[in-house]
There are 2 protein chains.
Amino acid sequence: MNADQIRKNLVAKGLKITPQRMAIFEAIIVLHNHPTADNIIEYIRNKYPNVATGTVYKVLDALVENELIKKVKTDKDVMRYEAELDEHHHLYCCESNRIEDYRDEELNTYLENYFRTKSIPGFTIKDIKLQINGRFTEEANRKQFSNNK
Amino acid sequence: MNADQIRKNLVAKGLKITPQRMAIFEAIIVLHNHPTADNIIEYIRNKYPNVATGTVYKVLDALVENELIKKVKTDKDVMRYEAELDEHHHLYCCESNRIEDYRDEELNTYLENYFRTKSIPGFTIKDIKLQINGRFTEEANRKQFSNNK
DNA sequence: CTGCGTGCAAATGGTTTGCACTACG
DNA sequence: CGTAGTGCAAACCATTTGCACGCAG
């Protein structure tokens, strides 16, 4: 996702294009590994000083509200964010706090098939997300560039 | 789960049996709909006054630590808790904050089958939880006794 | 008795809010 | 220009912590 695409998305939602919003988008994309608000603030402070903490939260809220980014659930109490909007699942490492995307089209249709025939009484499904809990192998951890603690 | 069972579980983990811990267990079970720490505190205050807020958090932490209860992930920033320890999934209502358990043995084996043949490179799966997002029907909401806002 | 568990109140820290100011369109 | 967006600092509030006391084993 490049700057032009981001600008287009903002306009499409009736949001004004501001350097702060562009910077926050950049941060989420560059940090890529489901950064916390704090990670984002830290990243931005280096490149674009004088962006207020409150602004970052307000922008993040606005972007989530307008479905331009998503909140990611964690066991811990801090929120994380991602700019990946396509259908995908998450791998949670129970040792580190690492979260990795998992895309699997075959799995999605496999699940669709299941719930096509089996409906849940009193509930209308909108979408299904898998929380795949487990451990990254040593090798996978070595390849990780994430700065999430 | 009755009081004796709870006592047994505490002892098995080397935790002392205290009225506070019993009360908190009772609260989680009675409130049943994935209560927040606040819900639990409110419940306890009525039946057993003079239980400190800090104690509730400490007990909840200890119980989670010892795998006697579980934290439930939410989009919101408040933690929720549950005493259901068997494998199950969650239905998230995107309108209310309601969370309902979803048990489906057939689905579990269906998923196991899938991941038996398809492994994820660099990652060892421990368990898989479905976040089923959607909406409860009007009827289902009327049947709800939950006190979660 | 001995130390785990509790009560209390203060501290923490992520997030929100109010308001005056700025700048996008 | 008018209003959405920002900066700032104070407020909020769920959760954590430190320490003296109490009670379970």
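Judged purely by atom type and a 3.5 angstrom limit, R21(A) uses its side chain to pair as donor or acceptor with the backbone of K16(A). A donor-acceptor pair is defined here as one N or O able to donate and one able to accept, closer than 3.5 Å; no such pair exists between the side chain of N66(B) and the backbone of L63(B).
As rounded to whole Å, 12 Å separates atom P of dT15(C) from atom CZ of R80(A). Atom-to-atom, CE of M79(A) to C1' of dT15(D) comes out at 15 Å; the value is rounded to the nearest Å. Rounding to whole angstrom units, CZ of residue R21(A) and P of dC24(C) are separated by 11 Å. Between K13(A) atom NZ and dC24(C) atom C1' the separation is 20 Å, expressed in whole Å. Across the protein-nucleic acid pair, M22(A) atom CE and dC24(C) atom C1' stand 14 Å apart, rounded to whole Å. N39(A) has its CG atom 16 Å from the P atom of dG13(C), to the nearest Å. Here the P atom of nucleotide dA14(D) and the CG atom of N97(B) are 14 Å apart, to the nearest Å. Between the CG atom of D38(B) and the C1' atom of dC12(D) there is a distance of 14 Å, given to the nearest Å.
H90(A) is linked by a ring-ring contact (aromatic ring centres under 6.0 Å, His included) to H34(A), H88(A), counting only residues two or more places apart in sequence or in another chain. By the ring-ring contact (aromatic ring centres under 6.0 Å, His included) test, Y110(B) pairs with Y110(A), Y114(A), sequence neighbours left out. The ring-ring contact (aromatic ring centres under 6.0 Å, His included) check on Y43(B) picks up nothing, with sequence neighbours excluded.
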What does the B/S/- profile of nucleotides 20-25 of chain D look like, 5' to 3', with a 4.0 Å heavy-atom cutoff to protein? ----BS
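Annotation: proximity of residues 50-68 of chain B to DNA chain D (heavy atom, distance under 4.0 Å) is found for G54(B), Y57(B), K58(B), D61(B), numbered in ascending order.
Side chains of N9(B) and Q5(B): a donor-acceptor N/O pair is present below 3.5 angstrom, by distance only. For the residue pair N46(A) and E42(A), no side-chain donor N or O sits within less than 3.5 Å of a side-chain acceptor on the partner. Between the side chains of E100(B) and N33(B), a donor-acceptor pair is found at a separation under 3.5 Å. There is a side-chain donor-acceptor pair under 3.5 Å between R45(B) and T53(B).
F123(A) does not carry R135(B) over the face of its six-membered ring by the limits of under 6.0 Å from the centre and within 45° of the normal.
Contact check for F25(A) versus L68(A): side-chain heavy atoms found under the 4.5 Å cut-off.
End-to-end axis angle of the helix from dC1(C)-dG25(D) to dG25(C)-dC1(D), using five pairs per end and rounding to 10°, comes to 40°.
Within the 4.0 Å cut-off from OP1 or OP2 of dT22(C), not a single side-chain nitrogen or oxygen of Q20(A) is found.
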